[in-house]
There are 2 protein chains.
Amino acid sequence: MNMSSSIPGAQMVGRLAKVLRAVSTSMPEGSSTIQIARVVDLPRPTVHRLLSALTEEGFCDHDHRKGLWLLGPEVYLMGAVAAERYDITSIARQHVEALADATGESAFLSARRGDETVCLLRQDGSFPIRSFVLYEGKRFPLGVASAGLAILSFLDGDAIDRYLANHSLVVEHGESHDVDTLRQRIVQTRTHGWSLNPGLIVEGSWGMGAAVFDPSGQPAWSLSLTGIESRFSAARRPEMGRLLLRHAHELTKKLCH
Amino acid sequence: MNMSSSIPGAQMVGRLAKVLRAVSTSMPEGSSTIQIARVVDLPRPTVHRLLSALTEEGFCDHDHRKGLWLLGPEVYLMGAVAAERYDITSIARQHVEALADATGESAFLSARRGDETVCLLRQDGSFPIRSFVLYEGKRFPLGVASAGLAILSFLDGDAIDRYLANHSLVVEHGESHDVDTLRQRIVQTRTHGWSLNPGLIVEGSWGMGAAVFDPSGQPAWSLSLTGIESRFSAARRPEMGRLLLRHAHELTKKLCH
DNA sequence: ACGGAAGCGTCCGCGTTGTGGACGGAGGGA
DNA sequence: TCCCTCCGTCCACAACGCGGACGCTTCCGT
C-alpha cells in the first residue's frame, strides 16, 4: 500500500485495492459495509460508494438480504486469465500433499506479496486436530507466522533492515514480534534453514516453514506446516525441518526451468 | 459497462474496469499503452496513469523492456479466492472433454457476463485442423458466435427485445448480425435447441452451441463446438446437436443441486 | 411497548484530486 | 537526416469523488 504515490489517480486505486482486499479476505462469507469500513479505515459512505461502483462492474457482488459484500464474477474471470502467468500451485501441489502425507499435519504453500505473505494452497494431513490460523487467501506481514519468517529470514540483509525499520508488528502481533526478538528468530531460521512459530499467533498453534526461491535467488514462496504444539516436539522438529527443506529445494529447482 | 451510473466514483471504476478488461483480453502477451488506449477509447496519458496506479497495487504489471502491460499478481490471488464462488469449470470439464472426444472438434464452456459471453474452458479434439476464434478469456457480445446465440435465444422475450433494441452488432460483426437475421436465427435455435454459427465471424470457422441453465432457469452458460466447415455438414449436425443438448442438460441438472 | 444503539443507504455543496493537451525524448524505417 | 509513432511526464483547471449529516430499519435491553 503506497501512501505517497505521485501518480494521479493512485489514491482512488489504492482505496479500491484496499476495499477489494478486505472483501477478498472475508470470503467466502463476505463482509458488511461497516466491517470493511473499519478494516480499511475509511468512512462508511465512501466504502459504500466504492463497493457499489465495484459491484456495477462485476468486481463485487452484494447479497442484499444479508447486507454482505462478496467478490464478483469479474474477479474470478480475470484471475483465471492471470493464473497462466502466476500460478505455481499446480507444480507445488504435489509437494504440499507429500508434506501433509508424511507428517500428518496441515501443509501450505504461501507466496510473498510485497511486505506480506498470502496463503495459496492448503492440504490437511491425517492427524484430526488441525489449526486454522492459516488458510487459502489469509495474509500475514512478513516475519509473522512460519511462512513469513522463513521468507523474511532469507532476504538480503539490507532488505531485512529496511523492513524491520519500517514495520512495527508489536501492536497487532504481540511483544514476541519486537525487532530484537525477530532478529534472533531470523538468526535461528538461517541456522536451521527452517523457521518455527511456537504458538506466537494463537497459543497452541505451532508452525514450521522453509523458503522457496525464485529464479533470481530471492525467497518468493514458502512451504509450511501447522498443527498443535504437542506435534511439534523438539524431538520431531529436525525430521520435519529436513522434510520441509527437501521439498522446498525440489520446488525451487523446478521453478528455475 | 454502465454509462449513466449515478454512483459517484463509478466513472473512475468504469474506466479501471475497461482498462483491466483490455489487459486481460490481451494476455498472455500483454498490450502497449497505445493499444489499450485505442481499445478503451481514452486518451493515452489517462490510460498510462490508470495502468501505473493499477501496477502500484499489483493489479497490473509492466514489462519495461517490451513496453507491455500485463495482469498483475493481485488479480490472480483474488481470482483464486473468487473461484470458490464462481467456478463451475471443475464440474463442466468432464462434459467439455467428452464433447471433444466424441466429435473430434474443439469443445468449449462459455459463461454469460451481462451482455457478453466469455470463454472459460477449451478442450481440443482429435481432428488436427482447429479454429482459434474462440479461446479461454475471449469475449463476444450475446448473439455473436454459437455460444452467445444459444444464450440469447433462451432469454425471456422481453430481455431479447431489450438487448436487440440496445445493441447494433452490424458494424463489428457484419450484416449477418442485423436484427432481422438474428431474430430468424433465434427462432431456428429455439426450434432445434442448439445454435449454429455458419462461418459468420471467420469464414470457414463454424460452431454449434447449446445453453446451460442456472438454478433459476436462466441461460447462464453455453457448451459449444467449433471446427472447420466441412466438419459441420447438414448430415452431421443433428448428431452433434443431440450430443450438445445431452451434455448441456446434464450440466444444468448438476448445477441445480 | 419504548428507547437506544448500531447499521443501513442516500444526498449534495465543496474542494481535492484526476484529467489530458502539450511537451520533449526514444526508436525504427525510408 | 527526416518523419512517424510511441513513450512517459507535466501542471492549470474543473470535473467528479468525498463524507458529514440525514432519515430509515433492525435488533436488543429494560
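Since this is a predicted model, take the numbers as computed values, not measurements. To find a chain, count down the sequence lines: A is the first, B the second, and so on, and within it residues start at 1. Keep in mind that the numbers below use all heavy atoms, side chains included, and drop hydrogens, waters and symmetry copies.
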Could you walk me through whether A:C60 and A:L70 satisfy the side chain to side chain contact (heavy atoms under 4.5 Å, CB included) test, starting with their C-alpha distance in whole Å, then the side-chain angles of each, then the deciding distance to 0.1 Å, before giving a yes or no? CA-CA 6 Å; A:C60 284; A:L70 303 128; over 6 Å; no
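- Atom CD1 in A:I34 sits about 18 Å away from atom P in D:dT26, given to the nearest Å.
- Taking only side-chain nitrogens and oxygens, B:T46 comes nearer than 4.0 Å to OP1 or OP2 of C:dG20.
- Axis angle between the ends of the helix from C:dA1-D:dT30 to C:dA30-D:dT1, five pairs each and rounded to 10 degrees, works out to 40°.
- Rounded to an integer number of Å, the gap from NE2 of B:H62 to C1' of D:dT9 is 14 Å.
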Please list every donor-acceptor pair under 3.5 Å in which a side-chain atom of residues 72-83 of chain B meets a protein atom from a residue at least two apart or in another chain.
{"from": "B:E74", "atom 1": "OE2", "to": "A:R21", "atom 2": "NE", "distance (Å)": "3.1"}
{"from": "B:E74", "atom 1": "OE2", "to": "A:R139", "atom 2": "NH2", "distance (Å)": "2.6"}
{"from": "B:Y76", "atom 1": "OH", "to": "A:D87", "atom 2": "OD1", "distance (Å)": "2.7"}

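- DNA chain C is contacted by B:P43 of residues 36-44 of chain B, taking any non-hydrogen atom closer than 4.0 Å.
- Counting only heavy atoms from C-beta outward, the side chains of A:I186 and A:L152 approach each other to under 4.5 Å.
- Counting to the nearest Å, the C1' atom of D:dG8 and the CG atom of B:L51 are 12 Å from each other.
- Between A:W221 and A:L109, some side-chain heavy-atom pair lies under the 4.5 Å cut-off.
- A donor-acceptor pair under 3.5 Å is absent between the side-chain atoms of B:D156 and the main chain of B:A159, judged by distance alone.
- The side-chain hydrogen bond (donor to acceptor under 3.5 Å, both in side chains) check on A:S205 picks up A:S131, with sequence neighbours excluded.
- Distances shorter than 4.0 Å separate none of the side-chain N or O atoms of B:S32 from OP1 or OP2 on D:dC6.
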Polar atom pairs (N or O), protein with nucleotides 10-17 of chain D, under 3.5 Å:
{"from": "D:dC16", "atom 1": "OP1", "to": "B:Q11", "atom 2": "NE2", "distance (Å)": "3.3"}
{"from": "D:dG17", "atom 1": "OP1", "to": "B:M12", "atom 2": "N", "distance (Å)": "3.3"}
{"from": "D:dG17", "atom 1": "OP2", "to": "B:G9", "atom 2": "N", "distance (Å)": "2.7"}
{"from": "D:dG17", "atom 1": "O5'", "to": "B:G9", "atom 2": "N", "distance (Å)": "3.2"}

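- Residues A:T117 and A:S110 have side chains that never bring a donor and an acceptor to within less than 3.5 angstrom of each other.
- Atom P of nucleotide D:dC7 and atom NE2 of B:H48 are separated by 8 Å, given to the nearest angstrom.
- Phosphate proximity of D:dC7 to B:T33: present, with a side-chain N or O under 4.0 Å from OP1 or OP2.
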For residues 35-48 of chain B, which side-chain N or O atoms pair as donor and acceptor with protein atoms under 3.5 Å away, sequence neighbours left out?
{"from": "B:Q35", "atom 1": "OE1", "to": "B:S32", "atom 2": "N", "distance (Å)": "2.9"}
{"from": "B:Q35", "atom 1": "OE1", "to": "B:S32", "atom 2": "OG", "distance (Å)": "3.3"}

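- For the pair B:L155/B:Y163, no side-chain contact is recorded, criterion being any heavy-atom separation below 4.5 Å from C-beta on.
- To the nearest angstrom, C1' of C:dG7 lies 12 Å from CG of A:L68.
- Taking the six-membered ring where the residue is Trp, B:F154 and B:F213 present perpendicular rings, their angle passing 60° and hence far from 30°.
- You'll find the side chain of A:R112 reaches within 4.5 Å of the side chain of A:L142, heavy atoms only.
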